[in-house]
Amino acid sequence: MQEDLINENVKRKIRLIGCLLLLEYLVFIISGVSFSYLYGNSFFNLGLDPTSWLFFYSYISQFIASNRWAGILMDSGIIILLLLFIKNPLRNRIAIALFLLLLCYYVTLMGYLTHQNFQIGFVIVMIPFMFKGKKNVSFAFDASRYFLLFFYFSAGFLKLYYYSLSHPEQFSHSLASQFTPYYLEGNTGIRTDLNLYLIHHTKVSYLLYIGSFVVEFITVIGFFTKKFDKWLALILLLFHCCTWLIMDIGAIGQLSFICLLFLSNDFKSL
Amino acid sequence: MQFNSVLKQTFLYRLFVHSKAGFVVVLLILIFYSVTFSKRMGMIFLPYNNMFTVDFAKTNKAFTYAVKINEQLIPITDNLYWKKDFLESSLNTYVEYIDNGHALYLENYLKSRNANNNVFRNLLPQKELATQWPLWFARFAHYSYSMPAKVEILRYIYVFKDGKAVLTDSVSTYLNYFK
């Protein structure tokens, strides 16, 4: 029934999001940090986030890391579910299962990585598709979209709140610790040259910092209108390219979430 | 009248009309985030503002940690982003764990709250198993080593001046022999 209500064009776009998410998970596997590769790791660090407590308290994460077959099974399960999602993007039970598995992965990875990273987008992206009914999907999409906008807007807002914009040398100092392993190993190139340049030229790095503030703050527009969502998506994708170049912080895991903004008008018409 | 029509177009109003349960869930999330924000506990629920950090120290120094096995440094930067980040971040935390007397922040937090250690034991790594972690690190980095293995973790300190990154000091922070 739901499939009758949502046209093929929208389904095709959701499938593209699914393909992008699949690519992101394949990058996790190729990088060597998926469930299978955590086998034998006995050291993890949790913050005060109760979400991460849940999976570790129930020993789910530790069980997966202690049993190689469990890690392989989880990775295979996620790949299969992603393929099923791409085939049937409106089957909400697949989306619910994916959401739970990807949340488990995110929490487990961050626990063993011992550092919470921002790339939770690959979990949140499933939320709109977990619901049945045109209206429910539309509301869930809007909620996810607001979370995405808030995510970036809050980073810009906090820069303002903590007066970090009035410390021009701050970004140069932050950059000093981003590439030190590369200098130690002699693995230098364009990015390390750029890093050295920005550390030694605080005015240029300050301009870039202001630029990042503008990009983050500009997402406030999305709270008032969906007209510019595609532009916001492009700006955010470009922002993450620059973040990788300048700060060695990759956005794999966040891309499919940002690309939801390209679907704003499609869900608006649901 | 105009205000009413604008109000009726807002997400929360439309959600309230459509689903009271959904409205309550969203409202609870908003209240929770507002409370944690006001108490500067921004990181307590998902990393939504993990992107924001400040460091107003005026210094041109930085440091990094590296593992040496049998005097050979284990390289990590040739890996793709996520693996390189994993190797770098987990090593930093492991050193902090060692420096804090084999205790993590969460353990100290639970102690300060007089929490029952047995109830929360699954939230902390087993200390006996954690002693083997440096060898797991080496295997994870696809580094082959022979036993017995002398494992050392060093802290390398850099100063940035004259357009260069200059290594000024290295300090051994961990040394162990595995047989």
Side-chain angles (χ1 to χ4, degrees), chain A residues 27-28 30-33 37 40-51 53 56-59 62 112-118 120 135-136 139 142-143 146-147 150-152 154-155 158-159 162 164 167 169-170 173-174 176-177 180-185 187 196 199-200 244 248 250 252, chain B residues 11 14-15 18-19 22 26 43-64 66 73 75-83 85-86 88-90 93-94 97 104-106 109 122-123 125-126 129-130 132-133 136 139-140 156 158 160 163-165 167:
Chain A
V27 170
F28 284 125
I30 293 165
S31 298
V33 294
Y37 293 95
N41 192 348
S42 55
F43 181 70
F44 58 86
N45 181 34
L46 305 179
L48 301 181
D49 182 355
T51 322
W53 286 23
F56 280 84
Y57 191 81
S58 54
Y59 202 68
Q62 296 95 312
Y112 284 101
L113 192 147
T114 71
H115 174 67
Q116 268 193 330
N117 282 12
F118 69 89
I120 195 173
K135 273 212 167 249
N136 290 337
F139 276 112
D142 280 346
Y146 283 127
F147 181 82
F150 171 71
F151 191 95
Y152 290 94
S154 64
L158 289 170
K159 280 182 171 73
Y162 287 113
S164 58
H167 291 80
E169 72 292 334
Q170 195 227 168
H173 174 65
S174 300
S177 50
T180 34
Y182 291 86
Y183 297 122
L184 179 64
E185 295 175 18
N187 187 0
L196 284 173
I199 290 169
H200 290 89
W244 176 78
D248 195 32
I252 298 294
Chain B
F11 171 75
R14 289 186 293 115
L15 182 62
H18 173 70
S19 164
V26 169
M43 292 288 288
I44 196 162
F45 189 59
L46 299 180
Y48 63 86
N49 66 347
N50 179 252
M51 290 167 61
F52 174 78
T53 54
V54 283
D55 186 355
F56 298 143
K58 289 181 182 171
T59 171
N60 60 349
K61 281 186 186 173
F63 66 88
T64 188
L73 191 127
I76 65 169
T77 60
D78 279 333
N79 293 288
L80 290 176
Y81 166 71
W82 272 105
K83 185 140 186 183
D85 188 48
F86 196 120
E88 187 182 356
S89 297
S90 56
T93 307
Y94 191 76
Y97 167 76
L104 292 165
Y105 173 81
L106 183 59
Y109 174 79
N122 282 353
L123 300 182
Q126 293 180 43
L129 294 178
Q132 301 293 316
W133 186 83
W136 180 89
R139 292 192 299 272
F140 187 62
Y156 293 88
Y158 277 84
F160 294 87
K164 293 177 190 167
L167 178 63

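In what follows, every chain begins at residue 1, and chains take the letters A, B, ... in the order their sequences are listed. Note that the structure is predicted; figures quoted are calculated from it, not measured.
- When each of B/Thr64, B/Thr77, B/Val26 is checked for heavy-atom pairs under 4.5 Å with chain A, B/Thr77 comes out on top.
- For chain A, the nearby parts of B/Phe11 are the backbone and the side chain; heavy atoms of each come within less than 4.5 Å.
- With chain B as the partner, the residue from A/Leu184, A/Leu196, A/Asp248 showing the most heavy-atom pairs under 4.5 Å is A/Leu184.
- A/Thr180 places a side-chain heavy atom less than 4.5 Å from the side chain of B/Phe160.
- Interface remark: B/Phe86 contributes backbone and side-chain atoms alike to the contact with chain A (heavy atom separation under 4.5 Å).
- Checking side-chain atoms of A/His200 against main-chain N and O of B/Gly163 turns up a donor-acceptor pair under 3.5 Å.
- Using a 4.5 Å heavy-atom cutoff, the side chains of B/Arg14 and A/Phe139 are in contact.
- Interatomic distance, B/Tyr97 OH to A/Asn45 CG, rounded to the nearest 0.5 Å: 10.5 Å.
- Taking CD of B/Gln126 as the reference point, atom OG of A/Ser42 lies at 8.5 Å (rounded to 0.5 Å).
- When each of A/Tyr146, A/Trp53, A/Phe56, A/Trp244 is checked for heavy-atom pairs under 4.5 Å with chain B, A/Trp53 comes out on top.
- Counting heavy atoms from C-beta outward, B/Leu104 and A/Phe43 have side chains that approach closer than 4.5 Å.
- Within the 4.5 Å cutoff, the side chain of B/Ile76 has heavy atoms near those of the A/Glu185 side chain.
- Surrounding OH of B/Tyr105 are at most 12 heavy atoms belonging to other residues, nucleotides or ligands under 6.0 Å away.
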*Does the ring pair (Phe, Tyr, Trp, His ring centres under 6.0 Å) test come out yes or no for B/Tyr156 and A/Tyr183, once each step is laid out?*
CA-CA 10 Å; B/Tyr156 293 88; A/Tyr183 297 122; over 10 Å; no

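- Using a distance-only test at 3.5 Å, with no hydrogens or angles considered, no donor-acceptor pair links the side chain of B/Glu88 to the main chain of A/Pro181.
- Under the 4.5 Å side-chain criterion, counting only non-hydrogen atoms from C-beta, A/Ile252 is not in contact with B/Leu80.
- Contacts of A/Ile199 with chain B are made by side-chain atoms alone, with heavy-atom separations under 4.5 Å and no backbone atom involved.
- The distance from the OG atom of A/Ser177 to the CZ atom of B/Phe63 is 8.0 Å, given to the nearest 0.5 Å.
- A/Phe44 contributes atom CZ, which lies 9.0 Å from atom CG of B/Leu106 (distance to the nearest 0.5 angstrom).
- Of the atoms belonging to B/Leu123, heavy atoms from both backbone and side chain fall under 4.5 Å from chain A.
- Between chain A and the residues B/Gln132, B/Lys61, B/Lys164, B/Arg139, the largest count of heavy-atom pairs under 4.5 Å involves B/Lys164.
- Looking at A/Asn136 and B/His18, their side chains come closer than 4.5 Å, going by heavy atoms from C-beta outward.
- Note: B/Pro125 leads B/Pro125, B/Ser90, B/Ser19 in heavy-atom pairs under 4.5 Å with chain A.
- The shortest distance between side-chain heavy atoms of A/Asn41 and B/Phe140 does not fall below 4.5 Å.
- Of the possible donor and acceptor atoms, none in the side chain of B/Trp82 sits under 3.5 Å from a partner among the backbone N and O of A/Val27.
- Distance check: B/Asn122 CG to A/Tyr59 OH gives 7.0 Å after rounding to the nearest 0.5 Å.
- In this structure, A/Tyr112 OH and B/Thr93 OG1 are separated by 14.0 Å, a value rounded to the nearest 0.5 Å.
- With A/Thr114 contributing its side chain and B/Ser89 its backbone, the two residues share a donor-acceptor pair below 3.5 Å.
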